[in-house]
Number of protein chains: 2
Amino acid sequence: MRSENEPSGQKGRSFIEEARRAQIIASAVEVIAEQGFARASLARIAQHAGISKGVISYHFDGKDELMEEVVVRVYTAISEHVLARMEGLSTATELLRTQILGVAEHMRAQRTQLRALGEIFANLRDADGKLRFGVNAGEEIYQALEQIYRLGQKTGEFRAFDVRVMALTQSAAVDAMFAYWINNPGHDLDAHARELADLFERAVR
Amino acid sequence: MRSENEPSGQKGRSFIEEARRAQIIASAVEVIAEQGFARASLARIAQHAGISKGVISYHFDGKDELMEEVVVRVYTAISEHVLARMEGLSTATELLRTQILGVAEHMRAQRTQLRALGEIFANLRDADGKLRFGVNAGEEIYQALEQIYRLGQKTGEFRAFDVRVMALTQSAAVDAMFAYWINNPGHDLDAHARELADLFERAVR
DNA sequence: TTAAATTTTGGCCATGCGGTCAGAAAATGA
DNA sequence: TCATTTTCTGACCGCATGGCCAAAATTTAA
């Protein structure tokens, strides 16, 4: 039996254990992306991974923890990539453009993860029936974007505007870009991202 | 027993029969909007309508037909309303501001139906697991917005930009505004809408 | 009034779900 | 080697679901 109750912390998790969890998460991502959230039962995820259903229950506290782990890992990967691209940049305008283009660049190679993320965001609910993750991406992202806007307003690059509205709008615009791209495979994601960068560059001036 | 097999046509449906169907559809919309697609079971819909579960099976060929009827009715009503509002406006800038300020108010009254529509579009699948309706749900709306942008580009009011990207972004921005407003009741919706109108007015120039 | 047609009820069914568990299997360490 | 721990299996549980239907209730028509 696994050594302790560890509801969310990653302490004392062996390499083997971590590998199994990663394998299960990868299967979950693929099943969710291919068949949708509603069909992503533990049985289907286990079958896709070539293991028994009980193994998932053994390595995760439950289906909810598995789903949250999927979200956490995909999100972490995105933010690491984007933050790396943003390093060394100084002006708010540069940061704004890089934020939009960097996310698109990363996700272009991660369609499966992106689709799974969207399914979970739209469907995962708590016991009360409320969405576990809001339709809104999250407060952290908004605050990060708002810092960029405030910087630009401070330096005079940007005009005066409501930074919360701008952050919400930029986040929604990027989400919509991905949603459209996923459902229209021929769509040019990078061109769309450049259009968005232009759009917001003008909107903030 | 109902007189015939009538998979989709509306022929030979009595007034009473039609009223029952409308009542069931209305309950389905409310349950889906409040609890999400996954929790909108026939039992919950029936309970919400104050009728026995079997009544739904009697008036509809199955759950799928009920869901499709919900989509058809709500979508038809919404598109008719939106198109009516667009008549009589002249300049592209007027149309743009009206879309954001006016349609926002319209959506406030229709948000239960819109939410139900979104849930069905995102979740209703056929036996193969494929989405019954694509996410091309907004296609008509996108095309309507694109007409405004092209008009503005033709008259020289607007700069050159990708009209599809702009339509997607504007639509997403308004949706995000409502999502944020629903989750943050103290949020000033009208001020948000004005910020958005300013944002897009600058973005298109 | 009375017979026929329509509509509703409430219980039943098979299926799939997330979760649990005893015991088998495999890995580990002495 | 052999005992101990970790990991896995496959069966099982209670529950909710969509669909079904005989019988009851209601409405309609003669």
Worksheet item: Just checking, is any N or O donor in the side chain of R164(A) or Y180(B) under 3.5 Å from an acceptor N or O on the other one?
Response: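 The criterion, which ignores hydrogens and geometry beyond distance, is satisfied for Y180(B) and R164(A).
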
Provide, to the nearest angstrom, the distance between the [atom1] atom belonging to [X] and the [atom2] atom belonging to [N].
X	N	atom1	atom2	answer
R20(A)	dA27(C)	CZ	P	11 Å
E18(A)	dT6(D)	CD	P	17 Å
D64(B)	dT17(D)	CG	C1'	13 Å
L66(A)	dG18(C)	CG	C1'	12 Å
R21(B)	dT7(C)	CZ	P	12 Å
H59(A)	dT9(D)	NE2	P	10 Å

Between [X] and [Y] (salt bridge meaning N to carboxylate O under 4.0 Å), is one present in this structure?
X	Y	result
R132(A)	E68(A)	yes
R85(A)	E105(A)	yes
R202(B)	E201(A)	no
R125(B)	E119(A)	yes

Worksheet item: Which residues in residues 23-47 of chain A have at least one heavy atom lying under 4.0 Å from any atom of DNA chain C?
Response: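 Residues of residues 23-47 of chain A that come under 4.0 Å of DNA chain C are, in numerical order, S41(A), L42(A), R44(A).
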
Practice prompt. Please list, by residue number, the residues of residues 48-56 of chain B whose heavy atoms come closer than 4.0 Å to an atom of DNA chain D; answer none if no residue qualifies.
Written response: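 Heavy-atom contacts with DNA chain D come from K53(B).
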
Item to complete: Supply the atom-to-atom distance F161(B) CZ to L199(A) CG, rounded to the nearest 0.5 angstrom.
Response: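 Rounded to the nearest 0.5 Å, the CZ-CG separation comes to 8.0 Å.
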
Worksheet item: Does Y58(B) put a side-chain nitrogen or oxygen below 4.0 Å from OP1 or OP2 of dT7(C)?
Response: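 For dT7(C), OP1/OP2 do have a side-chain N/O of Y58(B) under 4.0 Å.
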
Worksheet item: Is there side-chain contact between L168(B) and M177(A), with at least one heavy-atom pair below 4.5 Å?
Response: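 L168(B) does not reach M177(A) side chain to side chain.
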
Worksheet item: Which word best sums up how the rings of Y149(B) and F158(B) line up, parallel for under 30°, tilted for 30 to 60°, or perpendicular for over 60°?
Response: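 Taking F158(B) first and then Y149(B), their aromatic rings sit tilted (interplane angle of 30° to 60°).
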
